[in-house]
Amino acid sequence: MQAIGYGGQPVREVFRRVDPPIVVLVDLSTLFPRQPHGRGRYHPHGLQMTAIVEGQLTWWGIGEQGGWWGLVTYPVAHGPKHDPVTHWIPAWMLRKKG
């Protein structure tokens, strides 16, 4: 038997697998806005958080307030290296590549 929500309607499943994963674009400068009037100094091996990167969308999840979130793995560069990061990103910030 399916669960019933507060409005008397059936409750949706929280998670939906994306198989195969979809390539999406993530704008890191939108996802991680910079502090206005910040006083940072350039570091050649610092995290590069202003790029648009390609990520792999593997799951959709619905939030408590009804908005959709995508579980995305994408690379974050720091100097010549790249390390993968995986976390939930609001659906409105994701763009399908192509």
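Quick note: numbers below take in every heavy atom, side chains included, and nothing from hydrogens, waters or symmetry partners. We're numbering straight along the sequence, starting at 1. Since we're looking at a predicted model, the values are computed, not measured.
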Taking the side chain as every heavy atom from C-beta outward, state whether [X] and [Y] have any atom pair closer than 4.5 Å.
{"X": "His45", "Y": "Pro80", "value": "yes"}
{"X": "Gln56", "Y": "Val23", "value": "yes"}
{"X": "Val18", "Y": "Trp60", "value": "yes"}

What is the minimum heavy-atom distance between [X] and [Y], and which atoms define it?
{"X": "Ile22", "Y": "Lys96", "result": "CG2-CG, 4.0 Å"}
{"X": "Gly79", "Y": "Gln48", "result": "O-NE2, 3.5 Å"}
{"X": "Ile62", "Y": "Glu13", "result": "CG2-O, 4.1 Å"}

Using 0.5 Å steps for rounding, measure from the [atom1] atom of [X] to the [atom2] atom of [Y].
{"X": "His37", "Y": "Gln35", "atom1": "NE2", "atom2": "CD", "answer": "9.5 Å"}
{"X": "Met49", "Y": "Arg34", "atom1": "CE", "atom2": "CZ", "answer": "12.0 Å"}
{"X": "Arg16", "Y": "Leu71", "atom1": "CZ", "atom2": "CG", "answer": "15.5 Å"}
{"X": "Thr50", "Y": "Leu31", "atom1": "OG1", "atom2": "CG", "answer": "12.5 Å"}

| query | According to the ring-ring contact (aromatic ring centres under 6.0 Å, His included) rule, which pairs have a member within residues 67-98, sequence neighbours left out? | reply | Phe15-Trp88, Tyr74-His87
| said: Less than 3.5 Å apart, any donor N or O on the side chain of Thr73 or Thr86 sitting next to an acceptor on the other? | reply: yes
| Full working for side-chain contact (heavy atoms from CB on, under 4.5 Å) between Met93 and Val26 | CA-CA 7 Å; Met93 293 187 122; Val26 180; over 6 Å; no
| task | Among Ile, Leu, Val, Met, Phe, Trp and Tyr joined by side-chain contacts under 4.5 Å, find the other residues sharing a cluster with Ile52 and list them by chain and number. | result | Leu25
| Knowing that exactly one of Ile89, Leu94, Val53 qualifies, which makes a side chain to side chain contact (heavy atoms under 4.5 Å, CB included) with Val24? | Leu94
